[in-house]
Each structure stands twice: as C-alpha cells, then as structure tokens.
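Accompanying notes for the structure given below.
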Amino acid sequence: MPLDRFVLILVIAIAAAGATIWLGAVVSASFVATPVAALALIPALLILYLLWRVLSDRLRNSEDDHYDRIDR
C-alpha cells in the first residue's frame, strides 16, 4: 500500500470520528434548543458533501496514481 493512501486513510478515519462527535453534538443541541437551531444542520451537511466530493475525486483520479506504477 502506498504511503499516501495509508496517510489518506488515517486522515479520513480521524476526520470521520471528529465529524461524528461534532454532528451528534449539533443534532442533539438542535433538538434541545429552538427549531431555528436546526438550521445549524445545513452547514454540517454542506461540509459532509464537500468532504465526500473531495475524497471521491481523490480516490478516482488516475493521474494521481501515475507514480505508483513506476519502478524505483
């Protein structure tokens, strides 16, 4: 496994753990607070969508894997 892919997996795992805790706090706070606080979910969903698009593009991009096929 290339080092960049391993580091990417580590970063994704740490970010997913942090995002899960943060999103749980936002959701639970929105139910406790006024219904207007539910609007805090919109930026959370936008951040998750952006993260999904960046990661999917990074993993599908064949140009990034060019140097993985070169013998050293």
Side-chain angles (χ1 to χ4, degrees):
M1 176 184 301
L3 181 62
D4 63 340
R5 186 158 294 178
F6 178 70
V7 170
L8 181 64
I9 290 170
L10 279 173
V11 168
I12 291 171
I14 292 169
T20 302
I21 292 170
W22 177 71
L23 191 59
V26 168
V27 169
S28 66
S30 69
F31 287 125
V32 171
T34 62
V36 177
L39 292 176
L41 291 176
I42 294 173
L45 293 175
L46 287 174
I47 290 170
L48 289 174
Y49 175 72
L50 180 66
L51 183 66
W52 174 260
R53 292 291 299 200
V54 166
L55 292 176
S56 65
D57 182 57
R58 170 66 180 97
L59 292 175
R60 277 191 271 140
N61 193 355
S62 61
E63 292 176 6
D64 287 340
D65 296 334
H66 172 71
Y67 293 106
D68 291 341
R69 293 185 297 269
I70 295 177
D71 293 331
R72 295 180 193 175

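Both backbone and side-chain heavy atoms feed into the values below; hydrogens, waters and symmetry mates do not. Because the structure is predicted, anything quoted here is derived from the model rather than measured.
Remark: Thr20 pairs with no residue by the side-chain hydrogen bond (donor to acceptor under 3.5 Å, both in side chains) rule, at least two apart or across chains. With sequence neighbours left out, Leu51 forms a side-chain contact (heavy atoms from CB on, under 4.5 Å) with Leu55.
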*What do the steps show when you test Arg5 against Ile9 for side chain to side chain contact (heavy atoms under 4.5 Å, CB included), and what is the final call?*
CA-CA 6 Å; Arg5 186 158 294 178; Ile9 290 170; 4.3 Å; yes
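By the criterion of side-chain heavy atoms lying less than 4.5 angstrom apart, applied directly or through intervening Ile, Leu, Val, Met, Phe, Trp or Tyr residues, Val11 is grouped together with Leu3 in one hydrophobic cluster.
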